[in-house]
**Q** 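This structure is in structure tokens; I'll ask about it shortly.
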Amino acid sequence: MLEWWDGFWAIYSTVIFSLGINAMLALSIYLTLSCGLLSLANAAFMGIGAYAASMISMQTSLPFPLALLAAAALPALVALIIGIPTLRLSGVYLAMATLGFGEVVRVVVLNLDITGGPMGLNGIPLKTEWWHIVLLLAVTLYALARLRRSKVGRAFEAIKQDETAARLMGVNVSAYKLLAFVLGAVIAGVAGGLNAHYTFTIGPGNYAFENAVDILTMAVFGGTGNLIGPVIGSTALTLLPELMRYLKDFRLAANGLILILVVLYLPKGIWDPLRIRAFWERRAQKKNMASKTGKAG
């Protein structure tokens with residue numbers, strides 16, 4: 001039994017670790033979307049956190065928790081600096097601005113010697129354990145659940161529904177948007193730090209435009225109406241490529257087709273509580289009608 005588990009863990013440990021990391025990344029973009037911000041900067045924040053934590057682990061003898069603290073603090077600082085001017089934009093303009101920021105980060109990392117340039121950083125010590133990811137994911141979910149039910153969460157929802165009305169009601173829209181942007185950067189940075197310390201190597205290509213789109217897709221795929229949706233979306237899109245290995249060259253096409261179908265027929269994502277509740281109510285009504293018909297007959 002133990003040998004079977006060791007073999008299973010050796011083959012699928014990367015997938016299992018990726019489930020937790022991707023869930024945190026999906027929750028990071030969920031947080032910004034909950035305030036109505038269409039940001040594509042989370043992959044860049046993940047990269048900043050990954051490089052910060054990796055360089056601390058490789059060049060100093062500081063403990064792993066301090067490296068993760070740096071992975072949270074540096075993206076938060078960068079988000080604060082760029083968020084003040086950038087968050088004046090909205091919609092597609094904000095997406096373009098944050099996408100440009102991501103490219104700037106990638107090019108800077110690509111040309112710095114301290115980050116390893118195009119080769120990236122190799123030989124990062126293996127410090128991430130499975131319980132690190134479980135613990136930090138649980139803390140993230142708990143904190144976001146509390147935030148959602150707090151005054152801040154209600155302000156986020158008001159801004160998302162109608163920014164003008166929220167401002168007229170006395171909500172400091174700019175401050176709350178900046179808060180959501182910074183908190184999303186913190187979560188993405190910690191996910192990057194955890195990811196770097198179990199993959200052994202990172203490079204500029206790991207945090208490019210494709211990765212930013214993947215993070216957004218995971219959240220939208222699952223649904224951004226609650227915390228469960230992003231976790232389900234990230235889990236599904238992490239497991240989907242593994243389940244479709246038998247398709248080989250057609251795997252990416254199948255992934256794209258599934259995403260198109262979800263967007264067309266489930267616009268609010270897989271996990272839509274209102275749709276699910278309506279489905280069970282219709283089913284209960286049909287059962288009641290069938291039972292009444294049977295009694296009448």
Side-chain angles (χ1 to χ4, degrees), residues 1-32 34 42-43 45-50 52-54 56-57 62-76 124-149 183-202 206-207 211 214-215 217-219 221-224 226-243 269-271:
M1 183 66 180
L2 185 60
E3 292 179 357
W4 175 87
W5 171 252
D6 290 340
F8 174 84
W9 183 256
I11 296 172
Y12 294 105
S13 60
T14 300
V15 176
I16 294 170
F17 277 30
S18 296
L19 288 173
I21 297 296
N22 288 340
M24 291 185 67
L25 291 171
L27 289 170
S28 75
I29 196 71
Y30 155 82
L31 184 56
T32 55
S34 68
N42 288 47
F45 292 137
M46 179 188 181
I48 293 171
S54 300
I56 287 175
S57 294
L62 293 174
F64 185 45
L66 288 181
L68 289 181
L69 183 62
L74 188 57
I124 302 168
L126 177 60
K127 294 187 176 183
T128 300
E129 301 287 347
W130 66 268
W131 63 269
H132 292 144
I133 297 177
V134 171
L135 176 62
L136 289 172
L137 177 58
V139 170
T140 301
L141 285 167
Y142 176 76
L144 291 181
R146 292 293 301 270
L147 182 70
R148 182 182 174 89
R149 293 191 294 267
L183 291 178
V186 169
I187 299 172
V190 172
L194 289 170
N195 180 73
H197 284 84
Y198 84 84
T199 57
F200 301 103
T201 179
I202 57 175
N206 299 132
Y207 314 105
N211 305 89
D214 286 343
I215 294 172
T217 303
M218 287 187 290
F221 184 80
T224 58
N226 51 69
L227 290 171
I228 300 175
V231 176
I232 291 177
S234 63
T235 301
L237 293 182
T238 302
L239 295 178
L240 197 60
E242 299 299 322
L243 297 175
I270 295 175
W271 187 260

**Q** Taking side-chain hydrogen bond (donor to acceptor under 3.5 Å, both in side chains) as the definition, give me every residue that meets it alongside Thr128, ordered by chain and number, with sequence neighbours left out.
**A** none
**Q** Leu147 versus Leu31: any side-chain heavy-atom pair under 4.5 Å?
**A** yes
**Q** Starting at CG of Asn211, measure out to CE of Met46 and round the result to the nearest 0.5 Å.
**A** 7.5 Å
**Q** If I compare all heavy atoms of Phe45 with all of Ala188, which pair ends up nearest, and what's the gap?
**A** CB-CB, 4.1 Å
**Q** Quick one: side chain to side chain contact (heavy atoms under 4.5 Å, CB included) partners of Ala71, sequence neighbours excluded?
**A** Ala53
**Q** If you take all heavy atoms of Ile29 and Ala219, which pair is closest and at what distance?
**A** CG2-CB, 3.2 Å
**Q** How close do Ser54 and His197 get, counting heavy atoms only, and between which atoms?
**A** N-CE1, 3.9 Å
**Q** What pairs meet the side chain to side chain donor-acceptor pair (under 3.5 Å) rule with one or both residues in residues 16-32, with sequence neighbours excluded?
**A** Ser18-Tyr198, Asn22-Thr238, Ser28-Asn42, Tyr30-Arg148
**Q** Could you tabulate the donor-acceptor pairs under 3.5 Å formed by side-chain atoms of residues 133-142, not counting sequence neighbours?
**A**
unit_1: Thr140; atom_1: OG1; unit_2: Leu136; atom_2: O; d: 2.7
unit_1: Tyr142; atom_1: OH; unit_2: Arg146; atom_2: NH1; d: 2.8

**Q** Hey, what do you get for CZ (Phe64) to CG (Leu194), rounding to the nearest 0.5 Å?
**A** 5.5 Å
**Q** Please round to the nearest 0.5 Å and tell me the distance separating atom CG of Leu239 and atom CD1 of Ile16.
**A** 9.5 Å
**Q** Supply the atom-to-atom distance Ile48 CD1 to Tyr207 OH, rounded to the nearest 0.5 angstrom.
**A** 11.0 Å
**Q** Which atom pair, heavy atoms only, marks the closest approach of Gly189 to Pro75?
**A** CA-CG, 3.9 Å
**Q** What is the distance from atom CG of Leu27 to atom CG of Leu183, rounded to the nearest 0.5 Å?
**A** 12.5 Å
**Q** With sequence neighbours excluded, what pairs up with Ala70 under the side chain to side chain contact (heavy atoms under 4.5 Å, CB included) test?
**A** Ile56
**Q** Nearest heavy-atom pair of Phe17 and Glu129: which atoms, and what distance?
**A** CZ-C, 4.1 Å
**Q** Any idea which heavy atoms bring Lys127 and His132 closest together, and the distance?
**A** O-CE1, 3.1 Å
**Q** Roughly how far, to the nearest 0.5 Å, is CG of Asn226 from OG of Ser34?
**A** 12.0 Å
**Q** Tell me every residue that passes side chain to side chain contact (heavy atoms under 4.5 Å, CB included) with Ala145, counting only those two or more places apart in sequence or in another chain.
**A** Arg149, Leu227
